[in-house]
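Below is one structure, written out as structure tokens, with a few remarks after it.
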Amino acid sequence: MSLSRHINPDEIIQKSKDHPHQAQYRTKHENRSTHQSWSRDEDAAGVSKYQIPDIGIPSKAAYHLLHDETALDGNPLLNLASFVHTWMPDEATKLIMENMNKNQVDMDEYPAATIIHNRCVSMMASLWHAPTASNNAIGTSTAGSSEAIMLAGLALKKRWQEARKTAGKDHLRPGPNIIFGSNAQVALEKFARYFDVECRLVPVKKENNYVMDPKDAIGYVDENTIGVMVIMGSTYTGHFENVKEMSDLLDDLQQRTGLDIPIHVDAASGGFIAPFVYPSLEWDFKVPRVVSINTSGHKFGLVYAGLGWVIWRDESWLNKDLVFELHYLGSVEYSFTLNFSKPASPIIAQMFNFLNLGFEGYRRIATKDLRNARLLSRALENLGWFKVLSNIHRPLPGKDTDDDPESYESGLPVVSFMLSDDFKSKYPHVKQVWIQSLLRGKGWIVPNYGAPQGEESTEMLRVVVRETLSEDLMEKLITDIVEVTESIMEGDGAQMMIASTKNSIHQPEREHGRPDKDNFGSSSTASAEDGQGQGQGQGQAGYSRQC
């Protein structure tokens with residue numbers, strides 16, 4: 001017999017509701033402030049900026065309030081300080097919107113997203129020649145390269161600790177250390193500080209293009225070194241550090257001392273440039289000493305901000321202490337990320353790019369970016385006012401100056417430059433930071449910042465040539481650089497900048513902090529994070545600075 005013949009569902013529902021007087025209060029409360037006017041000020045009147053308002057405002061009013069406020073941000077298209085990608089096709093945006101409510105870690109509920117994730121890992125492992133790429137690629141997506149670096153560093157630290165324990169040696173004192181250049185992005189120093197690893201920063205030299213020289217780095221290695229981090233794409237000048245030379249020197253060190261030191265490659269930007277345009281360059285898992293690589297999908301991987309990847313050579317380099325078996329939402333999951341919940345949509349967007357562009361599409365975009373970077377580099381040098389510090393426009397000996405990136409020195413599509421010595425002698429009153437300020441008035445964000453430790457007296461301007469910076473825009477940028485530079489050589493432009501500097505509360509002098517790998521706006525607005533750990537100090541054996 002049906003239960004509904006004996007029990008009235010409506011009566012049960014009414015009895016289950018809140019007390020009548022509570023319901024009346026709720027109805028009265030919810031019906032307040034529902035009027036939508038034409039006046040944005042009236043709709044948003046009295047809304048607190050720092051506390052959740054007692055009563056909300058209409059959705060359209062909330063939208064317009066935030067829409068108008070965010071219009072004050074710079075134009076992402078003209079933000080030449082940022083490595084972060086800012087445009088995707090409509091189909092990719094549609095996929096992102098369709099999947100933005102999915103949590104990637106819920107593998108049982110969203111199995112298709114899990115399969116797509118694992119295929120992305122395999123594709124990148126194959127791209128970087130991991131020996132396990134075809135059958136059991138080991139890697140994961142992360143919330144940008146910073147998390148990826150943390151995981152890679154932790155894997156190195158855990159492996160070192162296990163080896164010390166097995167050998168009956170102390171793994172607590174003096175403790176582990178890790179080595180990288182002073183041009184490293186702050187995430188590498190964060191790893192060391194957060195996870196109690198001494199960071200040994202190798203000062204850079206202009207003779208070595210402001211990046212770590214492997215011959216200098218080898219002197220910092222001892223039995224407590226968990227690894228050397230080599231950067232494929234310095235945020236200062238775009239240069240690649242020499243992975244193969246670092247590996248050869250560590251091979252020699254092992255033969256002489258028995259120390260077996262692994263390499264992690266920070267390929268946040270270069271991981272999606274080098275494979276496509278520098279196929280003969282030895283930097284990835286083809287180099288046996290490379291045990292892990294990280295990259296940013298949201299840089300030259302061409303996905304919106306929020307996606308990183310880390311790949312290990314094989315399972316032996318992902319320490320078992322980093323892998324958690326989780327019984328969650330009806331399934332068994334294996335997690336080795338610092339962040340448990342993460343959106344599936346950026347990962348699906350990455351797969352969209354892999355399918356849509358393919359190897360050839362990525363190659364063409366990287367080639368175009370480098371071509372436009374060469375155009376800017378040559379234009380700056382031809383002016384005679386600037387010295388270009390990046391080298392991707394300099395032909396290799398015996399190579400034709402054609403469109404093949406391998407005909408030129410390798411590096412990211414980045415142009416770093418400074419005022420020439422001749423210009424400075426003719427116009428000693430001109431400050432280089434003025435160029436940054438005047439270009440900002442034309443909409444361009446071109447940062448001026450200090451060089452890494454070892455070359456602190458140098459300041460440089462930098463342009464990141466992304467996919468959205470077309471040849472037409474590049475020509476406009478060159479024209480604007482000419483105009484603003486001419487304006488400060490003499491006359492009204494120089495007087496205006498001198499006056500604005502004197503009247504400014506915060507004078508736009510250059511910062512000595514390092515540029516952030518993902519994005520930074522200007523020397524006068526560098527984040528506090530960028531300046532962390534910049535104080536000069538002496539570690540053991542004369543190490544230049546400790547984190």
Side-chain angles (χ1 to χ4, degrees), residues 82-86 88 92 96 99-100 103-105 113-114 116-128 130 137-156 180 184-191 194-195 229-235 264-275 283-285 290-313 317-318 322 335-354 362 412 464 466 515-520 529:
S82 178
F83 285 86
V84 177
H85 192 63
T86 57
M88 294 192 76
I96 290 170
N99 293 279
M100 66 186 304
N103 186 357
Q104 180 65 42
V105 301
T114 300
I116 291 170
H117 172 276
N118 294 341
R119 287 176 180 169
C120 283
V121 169
S122 293
M123 288 180 179
M124 277 180 287
S126 177
L127 184 67
W128 298 334
I138 305 299
T140 184
S141 62
T142 58
S145 268
S146 294
E147 183 188 1
I149 287 168
M150 303 288 170
L151 290 170
L154 279 171
L156 293 175
F180 42 82
Q185 198 263 354
V186 72
L188 278 67
E189 293 192 28
K190 276 187 172 184
F191 158 72
Y194 289 174
F195 295 103
M229 288 189 172
V230 184
I231 302 170
M232 279 295 290
S234 171
T235 57
H264 169 77
V265 177
D266 176 14
S269 296
F272 277 109
I273 291 290
W283 69 276
D284 59 12
F285 292 117
V290 173
V291 301
S292 52
I293 302 172
N294 71 275
T295 196
S296 289
H298 63 229
K299 293 178 184 170
F300 293 103
L302 309 180
V303 177
Y304 290 132
L307 180 64
W309 300 94
V310 58
I311 309 293
W312 283 271
R313 169 174 289 277
W317 287 98
L318 176 62
L322 299 182
S335 172
F336 45 95
T337 58
L338 300 177
N339 182 28
F340 185 63
S341 295
K342 57 185 175 182
S345 55
I347 297 162
I348 295 169
Q350 184 75 83
M351 179 57 78
F352 170 87
N353 282 345
F354 289 166
Y362 270 103
L412 299 178
V464 179
R466 303 194 309 274
D516 180 79
K517 179 165 53 178
D518 290 348
N519 186 14
F520 61 99
E529 177 180 275

Minimum-distance pair of heavy atoms, taken over all atoms of [X] and [Y]:
| X | Y | answer |
| --- | --- | --- |
| Ala274 | Met232 | CB-CE, 3.9 Å |
| Gly297 | Trp309 | N-CD1, 4.0 Å |
| Trp283 | Gly271 | CH2-CA, 4.0 Å |
| Ile311 | Phe285 | O-CZ, 3.5 Å |
| Ala148 | Val310 | CB-CB, 3.8 Å |
| Ala92 | Met88 | CB-CE, 3.6 Å |

Donor-acceptor contact below 3.5 Å, side chain [X] vs main chain [Y]:
| X | Y | answer |
| --- | --- | --- |
| Asn103 | Lys342 | yes |
| Asn353 | Leu302 | yes |
| Ser145 | Thr295 | yes |

Show your working on side chain to side chain contact (heavy atoms under 4.5 Å, CB included) between Val265 and Asp284 and close with a plain yes or no. CA-CA 8 Å; Val265 177; Asp284 59 12; over 6 Å; no
So how far is it from [X] [atom1] to [Y] [atom2], rounded to the nearest 0.5 Å?
| X | Y | atom1 | atom2 | answer |
| --- | --- | --- | --- | --- |
| Ser122 | Leu127 | OG | CG | 12.5 Å |
| Trp128 | Phe272 | CH2 | CZ | 6.0 Å |
| Leu307 | Glu147 | CG | CD | 10.5 Å |
| Ile347 | Asn99 | CD1 | CG | 10.5 Å |
| Ile348 | Ile96 | CD1 | CD1 | 9.5 Å |
| His85 | His298 | NE2 | NE2 | 11.5 Å |

Please list, chain by chain and in numerical order, all residues satisfying side chain to side chain donor-acceptor pair (under 3.5 Å) with Thr142, sequence neighbours excluded.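 With neighbours one apart ignored, the set is empty.
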Residues at least two apart in sequence or cross-chain that pass side chain to side chain donor-acceptor pair (under 3.5 Å) with Tyr304, listed by chain then number, are none
Report the C-alpha distance between Tyr362 and Phe300 in whole Å, list the side-chain angles of each, state the deciding distance to 0.1 Å, and finish with yes or no for side chain to side chain contact (heavy atoms under 4.5 Å, CB included). CA-CA 9 Å; Tyr362 270 103; Phe300 293 103; over 6 Å; no
Run the side chain to side chain contact (heavy atoms under 4.5 Å, CB included) test on Phe354 and Ile116 for me, step by step, so that the C-alpha distance in whole Å, both residues' side-chain angles and the decisive distance to 0.1 Å come before the verdict. CA-CA 11 Å; Phe354 289 166; Ile116 291 170; over 6 Å; no
Test side chain to side chain contact (heavy atoms under 4.5 Å, CB included) on Thr140 and Val121; report intermediate values, then the result. CA-CA 7 Å; Thr140 184; Val121 169; 5.6 Å; no
Could you verify whether a donor N or O on one side chain and an acceptor N or O on the other, from Lys190 and Ser146, lie under 3.5 Å apart?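 No pair is found: no donor N or O on one side chain lies under 3.5 Å from an acceptor on the other.
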Evaluate the side-chain proximity of Leu154 to Tyr194: yes if any heavy-atom separation is below 4.5 Å, no if none is.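 No - every pair of side-chain heavy atoms lies 4.5 Å or more apart.
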